**Student:** 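This is the structure I have questions about; it appears just below.
Just so it is clear, the structure is predicted and the values come from calculations on it, not from any experiment.
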Amino acid sequence: NDEPAKAIESLSRVLSQNPDSLTGRLTMAQAYAANKDLKSAIATLQEVLEFEPRVASALGQYQEEAGLLSDAVESYTVALAVQPRSRELKVRRIAALLEAKEYQRAAAFAGEGRKQHPDDPRFVRLQARALFDGGDRSGAILLLEQATKAAPKDTDTLFALADIYADAGRGTDAERILRQIVSAEPMNASAKARSRRRSAA
């Protein structure tokens, strides 16, 4: 009911009687976050992380929201020890590394993700972004060009290639990819709008 302060008050009583309650801890952290108190949300979960690593995933999200990117990466790593096949956790860890400008580690983890989940194109896009931002522009472009040839209908990867071309100063190639998307999906408003903007520029 949008009353997180009352939830915190009630949950404080619950946790005073059941300090090891996983559900209580997670709900308390959620209430603190809803009350715009990320510091307390993080502390609530850090208190039990050592003996209850299942809180690591939620802890990482709060740390990421608070801009504590290195801490978030560590928490996602702990969470992955509990859920080693979780694609979402792997993606979150890579995204946090990208935001922290740790491009080499981001590219390495994304490469591992590609091998472990070859059917998930998010990892190739993340790896290309990490390579590009880390200075390997040609490697990033080649990676996405190969990915779009292998999956020519994957719109998200085509968009990623268009963005990489644009960032590399290859506006003509970016425009070509956007037109390719529009040709395949005439109702794709995003591709049409971006193509118009590029044409106007």
Side-chain angles (χ1 to χ4, degrees), residues 1-114 116-117 119-134 155-157 159-160 163 189-190:
N1 294 325
D2 197 27
E3 295 182 289
K6 289 185 177 180
I8 291 168
E9 183 180 342
S10 297
L11 286 161
S12 295
R13 292 195 293 271
V14 172
L15 287 178
S16 67
Q17 298 173 18
N18 303 279
D20 297 334
S21 168
L22 175 62
T23 302
R25 288 278 171 179
L26 290 170
T27 308
M28 175 66 100
Q30 186 179 3
Y32 275 129
N35 205 39
K36 304 188 186 310
D37 185 356
L38 288 173
K39 184 177 179 180
S40 294
I42 290 167
T44 297
L45 298 182
Q46 282 179 325
E47 289 175 3
V48 297
L49 177 63
E50 185 175 352
F51 62 87
E52 189 49 272
R54 287 179 295 174
V55 305
S57 175
L59 175 59
Q61 291 184 65
Y62 295 132
Q63 289 168 327
E64 196 171 351
E65 287 179 39
L68 303 172
L69 300 174
S70 295
D71 291 342
V73 169
E74 290 182 17
S75 294
Y76 290 142
T77 299
V78 171
L80 278 165
V82 179
Q83 304 177 67
R85 297 294 296 173
S86 173
R87 303 181 187 206
E88 296 305 321
L89 284 171
K90 292 172 186 177
V91 167
R92 285 184 206 161
R93 181 170 67 173
I94 296 164
L97 284 166
L98 280 170
E99 194 173 348
K101 296 181 170 49
E102 291 191 43
Y103 302 125
Q104 188 172 356
R105 289 183 69 197
F109 282 134
E112 289 177 10
R114 284 180 61 209
Q116 296 161 348
H117 311 285
D119 60 326
D120 193 330
R122 291 178 296 177
F123 292 106
V124 71
R125 294 196 292 267
L126 287 166
Q127 186 178 20
R129 188 76 256 177
L131 288 172
F132 188 92
D133 291 346
T155 304
D156 288 336
T157 303
F159 271 128
D163 287 341
S190 177

**Student:** Using side chain to side chain contact (heavy atoms under 4.5 Å, CB included), reason through Glu52 and Asp20 one step at a time and then give a plain yes or no.
**Tutor:** CA-CA 9 Å; Glu52 189 49 272; Asp20 297 334; over 6 Å; no
**Student:** State, to 0.1 Å, how close Ala106 and Ala130 come at their nearest heavy-atom pair, and which atoms those are.
**Tutor:**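 Scanning both residues, the minimum pair turns out to be CB-CB, 3.9 Å.
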**Student:** How far apart are the closest heavy atoms of Asn35 and Ala5, and which atoms are they?
**Tutor:**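 In terms of heavy atoms, the two residues are closest at OD1-N, 4.3 Å.
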**Student:** With a 3.5 Å cut-off and no angle check, do the side chains of Thr157 and Arg125 form a donor-acceptor pair?
**Tutor:**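 Yes, because at least one side-chain N or O of Thr157 sits under 3.5 Å from a partner of the opposite role on Arg125.
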**Student:** Using side-chain heavy atoms (C-beta onward) and a distance below 4.5 Å, is Tyr103 in contact with Leu131?
**Tutor:**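 Not in contact.
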**Student:** With no hydrogens and no angle check, just 3.5 Å: does a side-chain donor-acceptor pair link Ser75 and Arg93?
**Tutor:**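 No.
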**Student:** Check for a donor-acceptor pair, side chain of Tyr76 on one end and backbone N or O of Gln61 on the other, with a separation under 3.5 Å.
**Tutor:**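 It does hold such a pair.
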**Student:** Is the number of heavy atoms from other residues, nucleotides or ligands within 6.0 Å of CZ (Arg54) greater than 12?
**Tutor:**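 Open.
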**Student:** Please evaluate residues Met28 and Ser40 with respect to the criterion side chain to side chain contact (heavy atoms under 4.5 Å, CB included), reporting the C-alpha separation (whole Å), side-chain torsions for both, the decisive distance (0.1 Å), and the verdict.
**Tutor:** CA-CA 9 Å; Met28 175 66 100; Ser40 294; over 6 Å; no
**Student:** Within a strict 4.5 Å, meaning less than it, do heavy atoms of the Glu47 and Pro19 side chains meet?
**Tutor:**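 No; the side chains remain at least 4.5 Å from each other.
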**Student:** Going by heavy atoms in the side chains, are Glu74 and Gln63 under 4.5 Å from each other?
**Tutor:**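 Glu74 does not reach Gln63 side chain to side chain.
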**Student:** Among Gln127, Glu88, His117, which residue satisfies the side chain to side chain donor-acceptor pair (under 3.5 Å) criterion with Arg122?
**Tutor:**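 Going through the options one by one, the only one that passes is Glu88.
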**Student:** Would you call Glu9 and Lys6 a salt bridge, using N to O less than 4.0 angstrom?
**Tutor:**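 Lys6 and Glu9: not salt-bridged.
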**Student:** How about Ile42 and Lys39: do any of their side-chain heavy atoms sit closer than 4.5 Å?
**Tutor:**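 With C-beta onward as the side chain, the pair stays apart.
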**Student:** How close do Arg25 and Thr44 get, heavy atom to heavy atom, and via which atoms?
**Tutor:**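 Distance-wise, the nearest heavy atoms are NH1-O, 3.0 Å.
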**Student:** Test side chain to side chain contact (heavy atoms under 4.5 Å, CB included) on Thr27 and Val14 and set out the steps.
**Tutor:** CA-CA 11 Å; Thr27 308; Val14 172; over 6 Å; no
**Student:** Would you indicate whether the side-chain heavy atoms of Leu89 and Ser57 approach each other to under 4.5 Å?
**Tutor:**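 The answer is yes, as the side chains (C-beta and beyond) meet within the 4.5 Å cut-off.
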**Student:** Does Arg129 use its side chain to pair, donor to acceptor, with the backbone of Ala160 at less than 3.5 Å?
**Tutor:**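 Not a single qualifying donor-acceptor pair exists.
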**Student:** Given 3.5 Å as the limit, does a donor-acceptor pair link the side chain of Asn18 with the main chain of Ser21, or not?
**Tutor:**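 Flag not set: sc Asn18 to bb Ser21 has no pair under 3.5 Å.
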**Student:** Taking the side chain as C-beta and beyond, is there a heavy-atom pair between Phe123 and Ile94 under 4.5 Å?
**Tutor:**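 Answer yes - side chains close enough.
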**Student:** Less than 4.5 Å apart, side chain to side chain, heavy atoms only: is that true for Tyr62 and Gln30?
**Tutor:**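 In contact.
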**Student:** Give the intermediate values and the outcome of side chain to side chain contact (heavy atoms under 4.5 Å, CB included) for residues Glu112 and Lys90.
**Tutor:** CA-CA 9 Å; Glu112 289 177 10; Lys90 292 172 186 177; over 6 Å; no
**Student:** State, yes or no, whether a side-chain contact exists between Leu126 and Phe109 at a heavy-atom distance under 4.5 Å.
**Tutor:**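 They are not in side-chain contact.
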**Student:** Give me the atom names and distance for the closest heavy-atom approach of Leu26 to Ala58.
**Tutor:**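 Scanning both residues, the minimum pair turns out to be CD2-CB, 3.9 Å.
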**Student:** Would you call Asp119-Arg114 a salt bridge at under 4.0 Å N-O?
**Tutor:**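 Looking at Arg114 together with Asp119, the answer is no, because their closest N to O distance does not fall below 4.0 Å.
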